[in-house]
> 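Please find one structure pasted underneath; my questions will follow.
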Number of protein chains: 2
Amino acid sequence: MAGRDNSTSNRKLDLAARAAWLYYIRGRTQDEIATELNVSRQNAQRLIALATSEGLIKFRMDYPITECVEMAERLKDRFGLVFCDIIPGERRDEAPVAGIAISAAERIESYLSSKAPAVLALGTGRTLRAAVAQVSSMERPQHKIVSLVGNLTRDGRASPYDVAMRLCDRTGAQCYPLPTPVVADDIEQRKLLQSQRWYKTVSSLVLQVKASFMGIGEIGWGSPLHVDGFITDQELADLVSSHAVGEMLGWAFDQDGVLLSTAFNERLTAPPLIVPAERPTIIMGAGAAKAPAIRAALRGRLANGLITDETTAVRVLELD
Amino acid sequence: MAGRDNSTSNRKLDLAARAAWLYYIRGRTQDEIATELNVSRQNAQRLIALATSEGLIKFRMDYPITECVEMAERLKDRFGLVFCDIIPGERRDEAPVAGIAISAAERIESYLSSKAPAVLALGTGRTLRAAVAQVSSMERPQHKIVSLVGNLTRDGRASPYDVAMRLCDRTGAQCYPLPTPVVADDIEQRKLLQSQRWYKTVSSLVLQVKASFMGIGEIGWGSPLHVDGFITDQELADLVSSHAVGEMLGWAFDQDGVLLSTAFNERLTAPPLIVPAERPTIIMGAGAAKAPAIRAALRGRLANGLITDETTAVRVLELD
DNA sequence: CCAACGTCCGGGCAAATGCTCAAAGAAGGC
DNA sequence: GCCTTCTTTGAGCATTTGCCCGGACGTTGG
C-alpha cells in the first residue's frame, strides 16, 4: 500500500469534511452522520470538530450590519481611508482575531481572484497568519506575494508566522520572502543586507504592489513585537522613551503617526514604507491596547485601509 | 419615526447577524449571546436560526474530498466537460439542493468577480433559485444577466423563481429578463413574440455570454416543469410519448440528448440552445430521477459543465 | 516477548440546543 | 371601544452536543 501516514490522514480529513458537510450544510444530526459514515456518534462529533479546527469548513457572514457600516463610514471620512471594514464587537476585551482574519481573507481573495497578475505585499503577525489560514486554496500562479518584513528573529530562528509563504502554499502564487532578520544588528549590517540582490528584487516588487496587508502593533510591555522576540528589552525601552506608540512592519511611529528616526528604525531591513500610503495599505488589528497605535497610523497616513472591530473603532474615534 | 416595518426588520436582521456572528465565528454559547445582546436565551436561538435561514451567515467547504474529485474527473473525461463539481452524497434519496446551490453560487461568483464586463445567462428552477440566494451581494454594475427562459407561467402569472432578477438585485448587475411565457400558445404567437425588440436584445446578448447556468429536469409525472405549471398535462403526455427524457430551459430532448422536434419545442419562446455547447454551459441537479436526463444532456453535448452529487454521478456513469 | 507509552475508542453525563405550547401583545376589523 | 386574529414571548422539556474517563489497541524500545 502507499504511504500510510499521508493516506490515512487524507482519509480522515475526507471523512471529516463529509461529516462537516452533512452537519452544517445538510443540517443532519451527529447521530445521523454517524450512521451515514459508519462511525460512532462520538467520532462523528470529533470529525466535525476536526473539520472546523482545520478550516475545512468555513463560516462567512454576508450581511452589512448597520452600525458596523456606519462606523466604517465615519472612519473613512475622518481618515480618508480607501477601505474600511468593521466587524461586530463584544463587551469582552479579548481581540476577535477570527473575525478580523475572515474579513482580511475575503479582501485578499478579492485581489487574488483577478486574472491579471498582481503583486500583493504582506507583513507578519498572528492576525495576518490567521487571515491567510482563512483564504481558500486556489490555483493562482500568476500572482506574486512579497513579504514586507524579514522572517527571521534576532537569533536566526525562522519566524513561526511566515505568512507570505503560507499564502503562496495555498494559492500557488510566487513567493518573495525577505530572508533576513527583522532588524539588523547595526546600520552597517543593514546596508550590507540591502545590497543583496534579493533585496533589490523585493524593493522593485514593492513598487508594483496592488495592495499591502499588515498587522499593527502597540509599543509596550507585552506588545507583539516584543513577546515574539523580534526586539530585545533594551530596544523596547528605547522605543518607549522616544514616545513610540505603535509600529507597522517594525517601523515605529509616534502618536501623530510620524515615523521615528531612532536607531531602531534605521536598522530595519525591510524596504521603507511609502508615506503617505498610495496603493491600498490595509492594517488590521483590534483590542483596547492597539487603539492608540491605529489612530496614530491613520493620522499619519501610514495606512489607508483598516480592518478592526466595533469596540476598537469607537476608541479610535474617541481618541481623536 | 421612519417607516417602522423596514426599520424594525433591519434591526432584527442586524441583531440576527450579530447573534450568528457570535455563535459561529466567535464560538459563544447561546446563553452568552443572550446576555451580550440583552435578549432571552430563547430569542438568541431564534435569531441564530433566522440568520441561517435568511442566509446572513454562510457555510462553505474548502476541501477537495478525494472521491468527489475523482468522480468529477471521470465525468469530465467521459463527457468532455470543461467544468464539473461533485458534492458529497448521502444514502438518503432527497436531492441535496443546498449543497448544489453553494457550489453553483461559488461558480457564479467567480464570473461576477471579474472586473471586465461579462454577460451571464441563467435558467430557472428551484436549484438555481437556491444558488442565487447563496451568492454574496456585491456591487457589480458592469455585468449583465440575461434570462434564458420566460418568466411567466402559461396563465400570465409571474414565476415565483425569477432567478435573473434576484441575482441582479444582489449584485447590481443589469438584468435582461424574458418577459414572456415559457411556451407560446402556438407557433404563430411564438413568431410574434420573437419579433419584439427585447427578444433581439436578449438573443444578441446570448451570443456574448461568458457562461450559462441552468437546472435540468426530468420528464414525467411530478417533474419540475409540470408541477410548477409551465406545461399542461396534455403537453407532458405528448412529451412522454415522444420519448423525451429531460429538458433544459424547456427544451425537451431524448435519451441521446437530441433535441426533439416536437410541437412543444417549436413553441418555446426562448432563444435556441447552442449545440454543441461552446461557452461554459453548466447544468445542475441531483436525484435518482434526474440521472437519465443528465446523462442524455451530457451525451448530446447540450451542456459542458455539471454540478451534482456523488450518488447521482454514480448513476449517470452506470447508465452509460 | 513484554513493558511502557501514546493514541484512539466509545460509554456516560452535564451542558447546550431546538422545539412545543400557552400566554401576552400588537394589528386590524367592526 | 372592543373583539378577533395573527405574531411574539419565554417557560418547560426532549433531544442533541461536548467532553471526561477508563479501557482497548497499537507502537516503540528494551
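Excluded from the calculations below are hydrogen atoms, water molecules and symmetry mates; all remaining heavy atoms, backbone and side chain alike, are included.
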> Scan nucleotides 12-15 of chain C against the protein and return all N/O pairs shorter than 3.5 Å with their distances rounded to 0.1 Å.
none

> In whole angstrom, give the distance that lies between atom CG of B:D31 and atom P of D:dT17.
17 Å
> Please determine whether a side-chain nitrogen of the Lys or Arg among B:E139 and B:R170 lies less than 4.0 Å from a carboxylate oxygen of the Asp or Glu.
no
> Report the nucleotide, chosen from C:dC9, D:dG10, C:dA16, that has the shortest atom-to-atom distance to any side-chain atom of B:N43.
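So the nucleotide nearest the side chain must be D:dG10.
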> Do the side-chain N or O atoms of B:Y23 get closer than 4.0 angstrom to the phosphate oxygens (OP1, OP2) of C:dA16?
no
> Roughly how many Å is it from CD in A:E32 to C1' in D:dT15, rounded to a whole number?
12 Å
> In whole Å, what is the span from the CD1 atom of A:I48 to the P atom of D:dC19?
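Between P of D:dC19 and CD1 of A:I48: 12 Å.
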> Check the angle between the aromatic planes of A:Y24 and B:Y24 and answer parallel, tilted or perpendicular using the 30° and 60° thresholds.
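Perpendicular, since the angle between the ring planes exceeds 60°.
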> Let me check the geometry of the helix from C:dC1-D:dG30 to C:dC30-D:dG1. What is the bend angle between the axes at its two ends, five pairs each, to 10°?
30°
> Between P on C:dG10 and CG on A:N38, what's the gap in Å once rounded to a whole number?
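After rounding, the gap between these two atoms is 11 Å.
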> Rounded to whole angstrom units, what separation is found between the CG atom of A:L22 and the P atom of D:dT16?
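That distance rounds to 16 Å.
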> Answer whether the closest heavy-atom distance between the side chains of A:L22 and B:E90 falls below 4.5 Å.
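Counting from C-beta outward, A:L22 and B:E90 do come under 4.5 Å.
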> The test is salt bridge (charged side-chain N to carboxylate O under 4.0 Å, His left out); show your working for B:R18 and A:E67 and say whether it passes.
CA-CA 11 Å; B:R18 275 175 196 279; A:E67 285 140 323; 2.9 Å; yes
> Less than 4.5 Å apart, side chain to side chain, heavy atoms only: is that true for A:M284 and A:I216?
no
> When you look at A:I294 and A:T308, which way does the side-chain contact (heavy atoms from CB on, under 4.5 Å) test go after all the steps?
CA-CA 9 Å; A:I294 292 173; A:T308 190; 4.3 Å; yes
> A:I48 versus A:I33: any side-chain heavy-atom pair under 4.5 Å?
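SC-SC contact between A:I48 and A:I33 confirmed.
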> Could you give the CD-to-P distance, from B:Q30 to D:dG10, as a whole number of Å?
14 Å
> Would you state whether a donor and an acceptor, one from the side chain of B:R46 and one from the base of D:dG10, lie under 3.5 Å apart?
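Result: at least one qualifying N/O pair found.
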> Taking only Lys NZ, Arg NE, NH1 and NH2, and the carboxylate oxygens of Asp or Glu, determine whether A:E106 and A:K58 approach each other closer than 4.0 Å.
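The answer is no: the pair does not qualify as a salt bridge.
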> Output the rounded distance in Å from CD (A:Q45) to P (C:dG11).
15 Å
> Using whole Å, report how far CG of A:L37 lies from P of C:dC9.
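The answer, rounded to whole Å, is 14 Å.
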> Checking A:E310 against A:R315 for the salt bridge (charged side-chain N to carboxylate O under 4.0 Å, His left out) test, could you report, in this order, the C-alpha distance in whole Å, the side-chain angles of both residues, the deciding distance, and whether it holds?
CA-CA 9 Å; A:E310 274 180 314; A:R315 274 183 185 259; over 6 Å; no
